[in-house]
Each structure stands twice: as C-alpha cells, then as structure tokens.
Amino acid sequence: QVQLVESGGGLVKAGDSLRLSCAASGRTFSPYAMAWFRQAPGKDREFVGTSTWSWSGGNIFYADSVKGRFTISRDIAKNTMYLQMNSLKPEDTAVYYCAVNLKNDYRLSGHEYDYWGQGTQVTVSS
C-alpha cells in the first residue's frame, strides 16, 4: 500500500507560480513511477507528467500542454514529488492529483496507476 497526500494548491492569478507537493508513505522501499494528473470541472482527467525512478535519476515526461511551464522533481529521501507550475493560465484550473505506478514506467492513462491521492485544488484567475 502507498498513501499519497497532495498539498500546495490555492488561488493565484494568471502568470503566477505555484508548487504542489505529493508526500508518499507506506510501501516506499520499492521503485515506482509517480505522476501528476488534473481534472477540470466537466472534463476528463488529464495526464500532466510523470517521473520514473532509477538509481541514475529516472526519466520525466510531460504533456504538451504544460511542457516548458511545469517541472516535476522528486526528493527520494523525503519520498516526495513536486510540481513546480510557472506562467499559470486560467485553463490550468483543476484539481491536481498525484498517482503511483508500481510498474515504474511511462504511462499516460490513469487507469494504469495503482494508488492516488485525494487531490488539491488549483484555481487560476484571469
């Protein structure tokens, strides 16, 4: 079992920055991929980015919609993943979720993730 807790959401203005955190607990001794998804009201859940794990640092993949503006990082010692969001736009407004994929590979579909956090709301005003 892996428990995930997101934090850092809030209300910001367009162009502002925000950093989300996702703290993992429980089964943290095995390597796994962590990802961010988001879901806006009335829309499907959307892949934001993912970080796979390896001793050499792993790989990070982003959705085209956030590439160049969002940055994923992981602090392995703290079992925490971060999402640095810069140049925020109103269309970034959503509930942001972190998720774990025990296969530790690059997956776009949320259905292939094993554990989820409760989500944190990000609202970007124009």
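These numbers come from the heavy atoms of this one structure, side chains and all, not from hydrogens, waters or symmetry mates.
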Under 4.5 Å between side-chain heavy atoms, counting indirect links through other Ile/Leu/Val/Met/Phe/Trp/Tyr residues: same cluster for [X] and [Y] or not?
X: V100; Y: V95; result: no
X: Y96; Y: F61; result: no
X: Y82; Y: W53; result: no

Please verify the inter-ring angle class for W116 with Y97; under 30° counts as parallel, over 60° as perpendicular, anything in between as tilted. perpendicular

On the 0 to 90° scale, with breaks at 30° and 60°, tag the F37-F47 ring pair as parallel, tilted or perpendicular. perpendicular

For the side chain of [X] and the backbone of [Y], is there at least one donor-acceptor N/O pair under 3.5 Å apart?
X: T93; Y: V124; answer: yes
X: D114; Y: L102; answer: yes
X: E6; Y: C22; answer: no
X: S51; Y: M34; answer: no
X: Q39; Y: A94; answer: no

T71 OG1 to M85 CE distance, which is reported to the nearest 0.5 Å: 11.0 Å

Spacing of L108 atom CG and Y113 atom OH [to the nearest 0.5 Å]: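 Taking CG in L108 and OH in Y113, the distance rounds to 7.0 Å.
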
By the definition side chain to side chain contact (heavy atoms under 4.5 Å, CB included), identify the one residue from I72, T50, V48 that meets it with Y62.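 Exactly one pass, corresponding to I72.
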
Would you say N86 and S17 are linked by a side-chain donor-acceptor pair, where the criterion is simply a distance under 3.5 Å? yes

Polar side chain donor-acceptor pair, S65 to E46, under 3.5 angstrom: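 Short answer, yes.
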
Closest heavy-atom pair and its distance - T80, S21: CG2-CB, 4.3 Å

Trace of the side chain to side chain contact (heavy atoms under 4.5 Å, CB included) decision for K103 with E112: CA-CA 9 Å; K103 297 179 181 67; E112 298 185 275; 5.9 Å; no

D92 and F70: side chain to side chain contact (heavy atoms under 4.5 Å, CB included), yes or no, with the steps? CA-CA 11 Å; D92 294 318; F70 290 11; 3.9 Å; yes

